[in-house]
Amino acid sequence: SLKHAGEDIWKNRTEKVNAELFTLTYGAIVSQLCTDYERNFQKVNEQLYSMGYNIGVRLIEDFLARTALPRCENMVSTSEVVSKCAFKIFLNITPQITNWSHEKDAFSLILVENPLSDFVELPMDAMKQLWYSNILCGVLRGALEMVQLDCDVWFISDVLRGDPQTELRIKLNKVLKDEIPI
Amino acid sequence: PQYFAIIGKRDNPVYEAEFTAQQGQQGQVQQGFPQNLKELNPFILHASLDIIEDLQWKTNPNTQSGSNSGGGGGFLRSRNVANVDNCYLCKVDHFYGLAVTAYLTYGGMKFVMIHGNMNNGDVQIDDNSVRAFYQEVHELYIKTLMNPFYKINDPITSPAFDSRVRALARKYLN
Amino acid sequence: MIPSRLYNESLMFRKQEVSL
């Protein structure tokens, strides 16, 4: 039902934009960051993560307004919602969920297709340092934090680096509780 | 043999390659251009750029006024996006039996090729094959452009690009 | 032919849209 809901929202309740425009815009951002930071790719990774975080804390409002989904009971259902609804609605892709930890508090998303990295070939000096789609990690971190899940999100591998697949890891640190300000 | 180059907007070579057939009809290995001619190829190609630019900016006398393009003459390349033939300029120049063909991308990059002939006679150009070669290389060039880390007019140094262009040359030209 | 992800992808047969 999550899969059908995601597809239904994508088809009928989502305004769409040309994917090449999106891809080229993101590529321009990453390329410009590499120039601005003088090819210090660690800083570029951090900046992409920060940008993604700022997007994620806002994007979650849009996502919940579209889907009206209730709170997830555990990380398993969270992973299903992220993969089948969130990625489907925003990027029209459905990553595979794999590599669950023993405690069921960490999982991997395998991105078979990634519109951010279409037609991208990393320069040699960036191959070992730059996580090109690091904005996704920030988006997930920010969005999950707004639903009281403190998670670490990071890339394990990326086809742009020559790895066999693009794998993103999400690990729950703790469930946040709303606290009354002092 | 052929000498192919992609010329940038500052008349700078973005990509260069020489194509030779591996085996002749009787099993003889064919050589490329003679050494003295090989050194002249960039100059011959450069000399044809003026003609190509003249064609590039020439208005099309066959376009009638009041047409769908908004009246008046169009440029050599039609505003009808479905018509890609106007990118291929056919034979634009010659040099002592060598033929020079050209192809213009929509962004103004020039694909130029010198066609040689081992028999020292005039070269016969198969327009269909040459056009198909240019169009496939154009597609490879667009893919190169899509890479955000590639700047327009920078040299194309990718070995993958080079191998694909040579494969297309073997398929269409030799 | 040197393998390349960039040049193997098709320009035509790809996902055309993402969410605005």
Side-chain angles (χ1 to χ4, degrees), chain A residues 6-27 55 58-59 62-63 65-67 85-95 111-123 127 132-133 135-136 139 157-166, chain C:
Chain A
E7 285 176 2
D8 176 64
I9 295 170
W10 162 254
K11 280 181 191 169
N12 302 320
R13 285 184 273 160
T14 302
E15 269 192 81
K16 301 177 182 65
V17 72
N18 182 282
E20 283 184 9
L21 174 65
F22 176 72
T23 302
L24 292 172
T25 303
Y26 183 72
I55 292 172
R58 294 160 175 79
L59 200 66
D62 181 64
F63 174 74
R66 282 175 197 275
T67 58
C85 282
F87 272 93
K88 179 65 181 177
I89 290 170
F90 293 116
L91 295 177
N92 194 21
I93 59 174
T94 308
L111 278 72
V112 176
E113 46 187 350
N114 182 3
L116 289 176
S117 62
D118 280 345
F119 295 107
V120 175
E121 195 167 80
L122 294 181
M127 274 255 184
Y132 183 83
S133 305
I135 200 169
L136 291 178
V139 171
S157 61
D158 194 347
V159 292
L160 295 183
R161 289 188 168 199
D163 299 321
Q165 60 187 11
T166 301
Chain C
M1 188 133 16
I2 297 172
S4 167
R5 192 182 145 272
L6 177 66
Y7 295 110
N8 285 344
E9 290 183 12
S10 168
L11 280 173
M12 298 296 294
F13 302 106
R14 301 166 53 234
K15 283 217 161 86
Q16 301 292 329
E17 293 169 322
V18 293
S19 167
L20 175 65

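Just so we're on the same page: letters track the sequence lines, and every chain starts at 1.
Scanning both residues, L6(C) and V120(A), for their nearest heavy atoms gives CD1-N, 4.1 Å. Considering every non-hydrogen atom in both V18(C) and L91(A), the closest pair reads CG1-O, 4.1 Å.
Using modelled atom types, no side-chain atom of R5(C) and backbone atom of G162(A) make a donor-acceptor pair closer than 3.5 Å.
Interatomic distance, E9(C) CD to D118(A) CG, rounded to the nearest 0.5 Å: 5.0 Å. A distance of 7.0 Å separates CG of D62(A) from OG of S19(C), quoted to the nearest 0.5 Å.
Only the side chain of F22(A) comes within contact range of chain C, judged by heavy atoms closer than 4.5 Å. Proximity to chain C (any heavy atom under 4.5 Å) is shown, for L21(A), by neither the backbone nor the side chain.
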